K.L.:
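Can you keep this structure in mind? I'll have questions shortly.
First the proteins, then the strands, lettered A, B, ... as listed; each starts at 1. The structure displayed is predicted, hence computed values, not measured ones.
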There are 2 protein chains.
Amino acid sequence: MTNALDGFDVKLLAALQNNAALTNAELGEVIGLSASQVSRRRQKLEEAGIIRRYRAALDPEALGLMVTAYVGVTLGAHSRENARKFRNMVTAMPEVQEAHTLTGDVDYMLKIVVPDLKALSHIINDELLPQEAVHHVRSSIAMETLKDDNLLPLK
Amino acid sequence: MTNALDGFDVKLLAALQNNAALTNAELGEVIGLSASQVSRRRQKLEEAGIIRRYRAALDPEALGLMVTAYVGVTLGAHSRENARKFRNMVTAMPEVQEAHTLTGDVDYMLKIVVPDLKALSHIINDELLPQEAVHHVRSSIAMETLKDDNLLPLK
DNA sequence: TAAGATGATGCACGAAACATGCGAGATAAT
DNA sequence: ATTATCTCGCATGTTTCGTGCATCATCTTA
């Protein structure tokens with residue numbers, strides 16, 4: 001069982017994460033393969049979990065989501081229970097697009113997208129800060145987005 | 001010309017950003033509309049630019065991309081020319097998934113995805129820091145990812 | 001080196017999904 | 001009440017997809 005990705009696979013993945021609306025024939029034209037082979041390779045990549053899902057990328061501003069912010073959260077007493085609560089809350093919040101635990105003095109980094117500053121303020125002051133575990137919150141608003149494609153670099 | 005999104009549109013967008021592989025018939029079943037209507041509304045949403053593109057979401061770890069880091073960059077002398085160079089460089093780097101200018105003391109926030117710490121070190125020390133404009137770089141490695149779907153919150 | 005096995009490829013064809021014309025129904029304005 | 005506008009589902013022609021099959025390349029083993 002050879003599961004290594006060859007050049008075709010890498011090209012295919014690159015094409016698909018750029019534009020998943022292309023037909024197998026068009027993809028084949030781009031990477032130099034027949035449509036049927038594209039179909040087969042695609043299926044394998046999906047089954048292997050390398051292709052996780054297909055998604056429509058929406059325009060935030062067209063939907064009235066004007067504010068993106070990065071919020072660093074520092075927990076106080078690192079009690080297991082409070083931390084668990086915090087994580088559950090954060091992952092359940094639709095405004096939170098990304099949430100990571102970090103090295104260094106800031107424990108969590110959240111990427112938040114909301115319609116306006118009022119909504120951001122509400123999240124920080126009425127949802128995050130009241131949490132028992134939360135000790136300190138530092139938010140920074142994204143003024144200009146230079147890049148936001150989340151495309152993975154394929155060697 | 002009425003361009004307001006109704007409930008159907010919102011439901012459709014929500015479904016599509018979760019799973020763009022659904023057929024129009026399946027989508028119609030979910031939101032309570034016929035396949036043909038789904039097709040038409042979809043076309044409109046695409047033409048209006050609300051649906052930007054369709055993308056395959058890949059598994060970073062399956063591709064050997066094990067390290068995600070947030071890198072805050074502070075510029076020194078804010079000369080127009082140096083800043084421009086920095087921005088061009090950053091947007092051209094495939095490892096940079098997101099790049100925003102921020103409010104506060106940190107000028108830029110970069111989200112970087114690379115295979116390993118060596119690659120991260122290389123980017124910071126050999127690509128970012130040598131830039132004339134760059135005064136200070138502070139990087140924080142994401143240890144655990146709680147959420148990374150980048151789904152927009154649809155009211 | 002020969003021979004067998006494994007896997008990848010393009011072609012062809014049946015099945016599935018899509019796009020669109022059309023008439024019916026609903027809503028709003030005159 | 002009537003006309004105009006818009007949205008709807010149905011039906012149908014077209015495109016796209018998935019898979020069986022024979023061929024070709026590569027690798028293994030004797």
K.L.:
Over how many whole Å does the gap from A:Glu46 atom CD to D:dC17 atom P extend?
P.N.:
12 Å
K.L.:
When the distance from CD of A:Glu26 to P of D:dT15 is rounded to whole Å, what number comes out?
P.N.:
13 Å
K.L.:
Do A:Glu98 and A:Tyr70 have side-chain atoms, one donor and one acceptor, less than 3.5 Å apart?
P.N.:
no
K.L.:
In whole angstroms, how far is the C1' atom of C:dA8 from the CG atom of A:Leu45?
P.N.:
14 Å
K.L.:
Whether the B:Asn24 and B:Arg42 side chains hold a donor-acceptor pair (N or O, under 3.5 Å, no angle test) is what I'd like checked.
P.N.:
yes
K.L.:
The side chain of A:Lys44 is closest to which nucleotide in this list: D:dC17, C:dC18, C:dA8?
P.N.:
C:dA8
K.L.:
Within the structure, does a side-chain N or O atom of A:Gln43 lie under 4.0 Å from either OP1 or OP2 of D:dC17?
P.N.:
no
K.L.:
Rounded to the nearest Å, what distance is computed from the CG atom of residue A:Asn24 to the P atom of nucleotide D:dT19?
P.N.:
12 Å
K.L.:
Under 3.5 Å, is there a donor on one side chain and an acceptor on the other for B:Thr145 and A:His100?
P.N.:
yes
K.L.:
Are B:Glu144 and A:Tyr108 close enough that a side-chain donor and a side-chain acceptor fall under 3.5 Å?
P.N.:
no
K.L.:
Can you check the A:Arg42 CZ to C:dA8 P distance for me, whole Å?
P.N.:
18 Å
K.L.:
Which pair of non-hydrogen atoms, one from B:Ser140 and one from A:Thr103, has the smallest distance, and what is that distance?
P.N.:
OG-O, 2.7 Å
K.L.:
Any chance you could list the contact pattern along nucleotides 8-13 of chain D? Use B for base contacts, S for sugar-phosphate-only contacts and - for none, protein heavy atoms under 4.0 Å, 5' to 3'.
P.N.:
BBB---
K.L.:
Is there side-chain contact between B:Met93 and B:Ile123, with at least one heavy-atom pair below 4.5 Å?
P.N.:
yes
K.L.:
To 10°, what angle do the rotation axes through the five end pairs on each side of the helix from C:dT1-D:dA30 to C:dT30-D:dA1 form?
P.N.:
30°
K.L.:
Any luck finding a side-chain donor-acceptor pair between A:Arg40 and A:Gln43 under 3.5 Å?
P.N.:
no
K.L.:
Does OP1 or OP2 of D:dC17 have a side-chain N or O of A:Ser39 closer than 4.0 Å?
P.N.:
no
